[in-house]
Each structure stands twice: as C-alpha cells, then as structure tokens.
K.L.:
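Here it is, the structure in full.
The structure presented is a predicted model; accordingly, all values stated were derived computationally and were not measured.
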Amino acid sequence: MALSKMGLKNVIGVELIESLPLVSRANPHNLPFFDGAFDVAFTGHLMAALYPLRNAEEMERTVRNGGVCVVVVDECGEEEVKEIVRLFRRSRLLSSSDVTLNGRRVTRIIMRKKASD
C-alpha cells in the first residue's frame, strides 16, 4: 500500500499468507512471475526467509536487467550489509543507509541488477 501511495503503478505484493486485495499468496523461493517482469523488487523479510539465497535469486530473476532490488533489514553495520549484498550475485550495491521506517530504525540496501553477460 505504501508503494502505491508513493505513486508506483502496478504494485504486486506476495507473501506466504494472502491478504487481499493488496497481497497475493506466493512462495518467495519460487515466485510465479516471468523473468524480468518487474522494474523493482522489494523485501522486508529477507533475513526471515527459510532460504535467503534462494529468495535473493528469485528477486533478481524477476527484475529486468538494470532493475533494482531493495532490501530492508533491522539496522545493521557495514559487514552485515556486505553479507546481504553477496546473496545478490547478479547485482551491485548502489547504496545502503540507516532510515526510520514506521518508527523503527532499519537499514535500506539498494542494488541494481547487472545486464546479462
């Protein structure tokens, strides 16, 4: 809902538990979307995923070349950011910053998917 309010069009939310009309049920380890279907993929639950590497791979798969993967985690330091970025093997770090989101301090990590080799 927040992304839609920011002006993003065609926002699709997925989660293990459906919450219509905004969120459909889907497995983040096996997303039901075509390769390169999105400009942006966002997660606030990467570290809670059963298989974070697989979740990162699916985010990258469904984002177009040059698209962006955004990860929000509990506030963390540079080493933890590097560990998260390493999960995204087809992307490079654009920025990371500590921000307040809904009254909670978090780290926002933004990566751009590289063009195919």
Side-chain angles (χ1 to χ4, degrees):
M1 182 179 286
L3 296 173
S4 292
K5 285 182 178 179
M6 290 171 46
L8 293 175
K9 304 287 185 222
N10 300 322
V11 175
I12 298 173
V14 297
E15 183 61 76
L16 290 173
I17 299 171
E18 189 171 69
S19 180
L20 295 174
L22 300 174
V23 178
S24 299
R25 185 177 189 279
N27 180 347
H29 302 99
N30 187 22
L31 294 171
F33 306 109
F34 292 112
D35 295 357
F38 302 107
D39 295 325
V40 177
F42 170 89
T43 184
H45 300 289
L46 181 69
M47 302 319 293
L50 188 56
Y51 303 104
L53 175 60
R54 180 70 185 136
N55 195 168
E57 290 170 345
E58 280 295 278
M59 287 177 69
E60 286 182 311
R61 180 187 66 76
T62 59
V63 169
R64 67 171 173 78
N65 291 335
V68 176
C69 293
V70 180
V71 177
V72 173
V73 295
D74 288 334
E75 189 173 31
C76 64
E78 188 177 323
E79 287 306 311
E80 292 91 347
V81 168
K82 287 179 184 177
E83 287 178 31
I84 292 166
V85 170
R86 277 193 285 272
L87 296 173
F88 291 81
R89 297 175 179 168
R90 299 170 56 195
S91 299
R92 65 177 180 82
L93 178 66
L94 288 180
S95 69
S96 69
S97 56
D98 295 332
V99 297
T100 301
L101 182 65
N102 294 330
R104 196 172 116 225
R105 291 291 294 170
V106 297
T107 299
R108 178 187 60 206
I109 304 163
I110 303 173
M111 295 157 284
R112 181 170 311 279
K113 183 178 172 184
K114 302 172 195 169
S116 295
D117 298 333

K.L.:
Only one of R90, R64, R61 passes salt bridge (charged side-chain N to carboxylate O under 4.0 Å, His left out) with D35; say which it is.
P.N.:
R61
K.L.:
Identify which one of V106, T100, L101, N102 satisfies the side chain to side chain contact (heavy atoms under 4.5 Å, CB included) criterion when paired with R104.
P.N.:
V106
K.L.:
Got a second to check how far D74's CG is from R105's CZ, nearest 0.5 Å?
P.N.:
12.0 Å
K.L.:
Between V63 and K113, what is the shortest heavy-atom contact and its length?
P.N.:
O-NZ, 2.8 Å
K.L.:
Show me the donor-acceptor pairs, under 3.5 Å and distance only, between side chains in residues 23-31 and residues at least two apart or in other chains.
P.N.:
from	atom 1	to	atom 2	distance (Å)
R25	NE	L16	O	3.2
N27	OD1	H29	N	2.8
N27	OD1	H29	ND1	3.1
H29	NE2	Y51	N	3.1

K.L.:
Connecting only ILVMFWY residues whose side-chain heavy atoms lie within less than 4.5 Å of each other, what is the rest of V85's hydrophobic cluster?
P.N.:
L46, M47, L53, M59, V71, V73, V81, I84, L87, F88, L93, I109, M111
K.L.:
Between OG of S91 and CD of E60, what distance do you get to the nearest 0.5 Å?
P.N.:
3.5 Å
K.L.:
Is any side-chain N of the basic residue among K82 and E78 closer than 4.0 Å to the acidic one's carboxylate O?
P.N.:
yes
K.L.:
Hey, does the side chain of R112 reach the backbone of G66 with a donor-acceptor pair shorter than 3.5 angstrom?
P.N.:
yes
K.L.:
Please answer whether the main-chain N or O of G77 pairs with a side-chain N or O of E80 as donor and acceptor at a distance below 3.5 Å.
P.N.:
yes
